[in-house]
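This is the structure I want to talk about, given as structure tokens.
To find a chain, count down the sequence lines: A is the first, B the second, and so on, and within it residues start at 1. As the structure is a prediction and not an experimental result, all values here were calculated from the model.
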There are 2 protein chains.
Amino acid sequence: MKLDIHTITESDIIQKEIISKIRDLINHKNLEPGDKLPSERQLSERFDVSRSNVREAIQKLEFYGLLNSIPQSGTFVANIGVIALNGMIEDILRLDEPDFKSLVETRILLELKTARLAALRRTPEDLVQMQEALDAYTNKVHNGENAVQEDLLFHLAIAKAAGNSTMNTFMLIITPGIITNFEKYHVCDKNQPVIGIKEHEAILEAIKNKDPEAAKQKMKDHFKILYQYCYSI
Amino acid sequence: MKLDIHTITESDIIQKEIISKIRDLINHKNLEPGDKLPSERQLSERFDVSRSNVREAIQKLEFYGLLNSIPQSGTFVANIGVIALNGMIEDILRLDEPDFKSLVETRILLELKTARLAALRRTPEDLVQMQEALDAYTNKVHNGENAVQEDLLFHLAIAKAAGNSTMNTFMLIITPGIITNFEKYHVCDKNQPVIGIKEHEAILEAIKNKDPEAAKQKMKDHFKILYQYCYSI
DNA sequence: AGCCTTTTACTGGTTAACCAATTATTGAAT
DNA sequence: ATTCAATAATTGGTTAACCAGTAAAAGGCT
């Protein structure tokens, strides 16, 4: 198994070049929102790359909402204007692999908020699911087994209960990177699982009591060691 | 790859079915981290779908870090364990279109933090770029033109100065949805551009002075109207 | 048997041909 | 000249064939 999952490959470089060329094309031709891009075939010929490479680049720009492909019709510039478009493409091209510190910093930010929101919005059904996740975690720890997964699922259950689909998505996006880096840097070794149980219980208790500030504070306590470790590397 | 942020299509439904079947397969065959999935051809035959559909589903799971494709070798289950894997796939399948409220709520959370971090970490180069973005915004407003794009780019410049690549990426992801909904609900009409200039200037001033708390507060002030509007719908 | 080379089959990725739907063009009828 | 139906060209999406590299199997050698 390859440990470093998110390695930058040769095709990533090609894709960035294509994206850059598409941007130049939009600027040079003064394409405005709603205007049609040249067809995939024309682009692949003009840029001297395969059509599938062009398609991938277009799909990436579609992901960021900058282009809009319509079957049997064409690919169109999104309705956000050429200035914002240039700025965003520049940012997308500049984006590189997120470092561990960046991931943890974002995770803490998100989770302090989801804990707070969960305390405000959790349904009885949410409570059941969080309790189940916590029980699974507790059992594993008491058996002396590795409970990183159950730990994680408890936090995702909170994110679910927060009732914010965007934050929920973002939590899912950063989770694998967090796990990978935890294993790489042996973060879990520095945390006492038994302490983790009490901290989790305190968080759930606050959410159960619909006490948002307490939930946030208990989550903060839970992240204290991670926080210090993160800023020490 | 397409995230569920935008419109849901027919092929998205097919993709979710395939993801669901891959999950069942992993469970039924008791595949563990590092184990190899059947080949794309076998999966497409077994599920009675095209190979490209299978590839897209695998790429989505790869995006969330659950699978790992190695050329000329195979697709492998990531190193996160079957329990977390099941939980995350369940979450991914459940994800639906984020509502406007969810987007704004997340944006405010992110931007209060990026403003704070930018005040702590901004380089002289960052200051120049933020100032340029602000000037472009100011000029447009003074000419009576629509300055939504320049507004946006100023905020993205702050996110860049915050020095957190994950938050930067997340800002880019939510921005198109924010713009689309702004136009849909005519949010901009409710904001006075001239007031916006002063608010932007105050934010930049705080970042320039390396005053994180002031930067956060000024950003909060800037979002006040949006915040109220968001929670009123 | 054990080791090493050679061969074979299989893998994800790439390319090219094909498809159905849309759009542009044509041209006759009014 | 205008309108509108028929046709041709073009589009993104799909499928199937192909490629290069890997991993396993086979087979000869000691």
* To do: By nearest nucleotide on DNA chain C, pick out whichever of A:Ser73 and B:Ser39 is the more 5' one.
  => B:Ser39
* **Gap between atoms CD and P, on B:Glu56 and C:dG12 respectively (whole Å)** => 16 Å
* Structure fact -> Taking for A:Arg51 and for A:Pro71 the nucleotide of DNA chain C with the nearest heavy atom, the one nearer the 5' end belongs to A:Arg51
* **Sub-6.0 Å ring centroid separation between A:Phe154 and A:Tyr137** => no
* Asked: How long is the line joining CZ of A:Phe76 and P of D:dT11, in whole Å?
  -> 11 Å
* What heavy-atom pair brings A:Leu85 and A:Leu66 nearest, and what distance separates the two atoms? -> CD1-O, 4.0 Å
* Structure fact -> To the nearest angstrom, the CG-P distance between A:Asn53 and C:dT14 comes to 7 Å
* Asked: Under 4.0 Å between a side-chain N/O of B:Arg55 and OP1 or OP2 of C:dG13, yes or no?
  -> yes
* Between C:dT22 (C1') and A:Lys36 (NZ): distance, integer Å -> 9 Å
* Value in whole Å for how far the P atom of D:dG13 lies from CD1 of A:Ile70 -> 10 Å
* To do: Would you mind reading off the distance between B:Glu40 atom CD and D:dT15 atom P, rounded to a whole angstrom?
  => 14 Å
* Asked: What nucleic acid atoms does B:Ser50 come within less than 4.0 Å of, heavy atoms only: base, sugar-phosphate, or nothing?
  -> sugar-phosphate
* Figure out the CG/P separation between A:Leu67 and D:dG13, and round it to whole Å. => 12 Å
* To do: Confirm from the modelled atom types if B:Arg41 and C:dG13 form a donor-acceptor pair under 3.5 Å, side chain to base only.
  => yes
* Structure fact -> Winner on side-chain proximity to A:Gln72, out of D:dT11, C:dT11, C:dT14, is D:dT11
* Counting just side-chain N and O atoms, does B:Gln42 come under 4.0 Å of either OP1 or OP2 of C:dC10? -> no
* Please indicate whether A:Glu145 has more than 12 foreign heavy atoms, meaning atoms of other residues, nucleotides or ligands, lying under 6.0 Å from its CD. => yes
* Reckon A:Ser52 has a side-chain N or O less than 4.0 Å from the OP1 or OP2 of C:dG13? -> no
* Asked: Quick check: are there more than 12 heavy atoms from other residues, nucleotides or ligands sitting under 6.0 Å from CD of B:Gln131?
  -> yes
* Asked: Under the 3.5 angstrom rule, does the side chain of A:Asn168 hit a backbone N or O of A:Asn164 as a donor-acceptor pair?
  -> no
* What is the distance from CD of B:Glu45 to C1' of D:dA16, rounded to the nearest Å? -> 14 Å
